[in-house]
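Take a look at the structure below.
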Amino acid sequence: MGWTAAFAVVAVLFVLISGANDGATLIGLGLRFPRTPGWAAAALLTVVLFAGPYVLGLAVARTFTEGLSGLGTHGGAAVFLAGVVTAVAVVAALTGKGLPTSLTLAVIGGIAGAGLGAGLPVSWHGVAVVLGVGACAPLAGLVLGYLLGALSRRVPSCRRMPRLVLAAHLLAYAAQCTAYAVNDGQKMVAVVSVAVDVGRDGLGGVGPVGLSPGWMACLALLFLAGALAGLTRVGERLGRGLVIARPLHVLSAETAATGAVLGSSALGSPVSMTQSVLAGVVGVVASEGSRRVRWQAVANVGTAWLVTLPSSLALGCVAGLALRLL
């Protein structure tokens with residue numbers, strides 16, 4: 001009962017935090033576009049998040065449970081829990097210091113570190129591939145954002161331009177939600193799936209990833225609650241705190257982030273949608289001149305990303321060692 005309660009609490013908190021970080025970023029960027037209905041942006045993201053795993057598969061979720069460490073052995077679920085708790089602690093500490101970071105990156109480091117500390121086999125090749133792809137995704141978003149921003153200024157204006165741009169924005173936002181559901185959002189599926197398995201079968205190894213529609217609906221609603229709670233804070237970072245976004249900036253940034261994340265999904269590698277979105281926004285605005293970017297805010301985000309992996313890896317290793325000694 002104790003382990004079941006622990007997994008349940010961690011799963012709920014993890015989904016809420018993911019919503020406050022990832023969901024609020026996606027919705028907040030969409031709302032930077034004029035005349036975008038807030039309820040529609042939130043509803044579309046929630047529906048796509050629910051349906052995505054059933055339509056597009058769970059390849060990225062399996063990377064978290066199978067591709068980083070040997071969690072299928074006895075005690076693997078406890079190690080997985082230690083890695084997730086470590087990730088949440090690192091993100092909370094950095095966010096508290098005004099350094100918003102990637103929960104996805106922290107989870108990767110936390111699970112690998114916990115597996116190492118607990119004496120489980122760690123797939124360092126798999127970890128290296130995931131980190132390599134994860135590092136390339138924001139760079140791809142930055143470059144794509146810069147190129148799309150430059151191209152957008154060459155589009156000839158016409159009377160129908162506002163409607164055309166709005167329609168393109170809605171398509172880009174839907175594609176971005178799909179990219180999140182098929183990639184970054186699947187870290188929540190992995191965490192909730194393990195929690196459900198522990199509640200049903202007890203503590204043991206991590207089994208196949210999968211959720212019933214009922215549990216998936218609970219996940220999507222918790223995610224939405226977290227997103228709405230974090231919307232104001234993230235909106236300030238996307239607007240006044242990081243860069244000043246215009247409608248074409250929003251459209252180009254959404255397209256850039258979607259392209260970067262979908263490319264990573266084809267490899268089954270989890271990447272941070274938040275990182276890709278922020279990189280895409282910076283690239284778009286930098287295309288109009290580097291002085292338009294709030295570089296101090298960008299530097300703070302970059303510093304947090306650099307600190308996240310070694311911190312979560314080290315703390316995860318300590319947590320794994322503690323489990324090993326119990």
Worksheet item: Do you know the tightest heavy-atom contact between Ser269 and Val133?
Response: OG-CB, 3.4 Å
Worksheet item: Can you hop from Val261 to Leu144 via hydrophobic side chains spaced under 4.5 Å?
Response: no
Worksheet, complete the sentence: For Ala82 and Leu323, the nearest pair of non-hydrogen atoms, with its separation, is CB-CD1, 3.8 Å
Worksheet entry | Phe64: which of Leu58, Val191, Val107 passes side chain to side chain contact (heavy atoms under 4.5 Å, CB included) | Val107
Worksheet item: Is any side-chain heavy atom of Val318 less than 4.5 Å from a side-chain heavy atom of Thr86?
Response: no
Worksheet item: Roughly how far, to the nearest 0.5 Å, is the CG atom of Leu71 from the CG atom of Leu81?
Response: 11.5 Å
Worksheet item: Same cluster for Leu321 and Val85 if Ile/Leu/Val/Met/Phe/Trp/Tyr side chains link at under 4.5 Å?
Response: no
Worksheet item: side chain to side chain contact (heavy atoms under 4.5 Å, CB included) between Phe80 and Val84: does it pass, once the steps are laid out?
Response: CA-CA 6 Å; Phe80 182 84; Val84 172; 3.8 Å; yes
Response to the item:
When rounded to the nearest 0.5 Å, the distance separating CE of Met188 from OG of Ser193 is 13.5 Å
Worksheet item: What's the shortest heavy-atom distance between Ala190 and Val209, and which atoms?
Response: CA-CG1, 4.4 Å
Item to complete: Answer yes or no: is there a side-chain heavy-atom contact under 4.5 Å between Leu219 and Leu49?
Response: yes
Worksheet entry | Rounded distance (nearest 0.5 Å) linking atom CG of Leu45 with atom CG of Leu224 | 8.0 Å
Item to complete: State, yes or no, whether a side-chain contact exists between Val189 and Met216 at a heavy-atom distance under 4.5 Å.
Response: yes
Discussion item. Quick check: closest heavy atoms across Gly115 and Ser69, and the distance to 0.1 Å?
Written reply: CA-OG, 3.6 Å
Discussion item. I'd like to know whether Trp124 forms a side chain to side chain contact (heavy atoms under 4.5 Å, CB included) with Leu116, so could you lay out the CA-CA distance, the side-chain angles of the two residues, the decisive distance to 0.1 Å, and finally the verdict.
Written reply: CA-CA 10 Å; Trp124 293 114; Leu116 177 64; 4.1 Å; yes
Discussion item. Return the CD to OG1 distance between Gln186 and Thr104, rounded to the nearest 0.5 Å.
Written reply: 11.0 Å
Practice prompt. For the pair Glu66 (side chain) and Gly72 (backbone), establish whether a donor and an acceptor sit closer than 3.5 Å, ignoring hydrogens and angles.
Written response: no
Worksheet, complete the sentence: For Leu56, the side-chain contact (heavy atoms from CB on, under 4.5 Å) test, sequence neighbours excluded, returns Thr178, Val182
Response to the item:
Between Gln176 and Ala257, the two heavy atoms sitting closest are NE2-CB, 3.8 Å
Worksheet item: For Gly70, does its backbone N or O pair with a side-chain atom of Thr73 as donor and acceptor, under 3.5 Å?
Response: yes
Worksheet entry | Within one Ile-Leu-Val-Met-Phe-Trp-Tyr cluster: Phe50 and Leu16, side-chain cutoff 4.5 Å | yes
Worksheet item: Same cluster for Val196 and Val10 if Ile/Leu/Val/Met/Phe/Trp/Tyr side chains link at under 4.5 Å?
Response: yes
Item to complete: Examine Val60 and Tyr54 and state if one hydrophobic cluster contains both, with Ile, Leu, Val, Met, Phe, Trp and Tyr joined whenever side-chain heavy atoms are less than 4.5 Å apart.
Response: yes
Practice prompt. May I ask you to decide if Val206's main-chain N or O and Asp197's side chain share a donor-acceptor pair within less than 3.5 Å?
Written response: no
Worksheet entry | From CA spacing to verdict: side chain to side chain contact (heavy atoms under 4.5 Å, CB included), Leu131, Leu309 | CA-CA 9 Å; Leu131 293 178; Leu309 180 64; 3.6 Å; yes
Practice prompt. Using modelled atom types only, decide if a donor and an acceptor are shared between the side chain of Ser312 and the backbone of Ala87 within a distance under 3.5 Å.
Written response: no
Worksheet item: What are the two closest heavy atoms between Leu203 and Ala78, and how far apart are they?
Response: CD1-N, 3.8 Å
Worksheet item: CD1 of Ile27 to CG of Leu228: how many Å apart, nearest 0.5 Å?
Response: 5.5 Å
Worksheet item: What salt bridge (Lys or Arg N to Asp or Glu O under 4.0 Å) pairs are there with at least one residue in residues 176-186, not counting sequence neighbours?
Response: Asp184-Lys187
Item to complete: Could you tell me whether a side-chain N or O of Ser276 sits under 3.5 Å from a main-chain N or O of Ala260, the two making a donor and an acceptor?
Response: no
Worksheet item: Does some side-chain heavy atom of Val88 sit less than 4.5 Å from a side-chain heavy atom of Leu13?
Response: no
Fill in: Separation of Ser287 OG from Leu142 CG (nearest 0.5 Å)
10.5 Å
Fill in: Evaluation steps, side chain to side chain contact (heavy atoms under 4.5 Å, CB included), between Leu103 and Phe14
CA-CA 9 Å; Leu103 182 58; Phe14 188 84; 3.7 Å; yes
Response to the item:
Test side chain to side chain contact (heavy atoms under 4.5 Å, CB included), reference Tyr173, set Thr258, Thr255, Val48, Leu44, output is Leu44
Response to the item:
So the ring pair (Phe, Tyr, Trp, His ring centres under 6.0 Å) pairs with at least one residue in residues 179-215 (sequence neighbours excluded) are Tyr180-Phe223
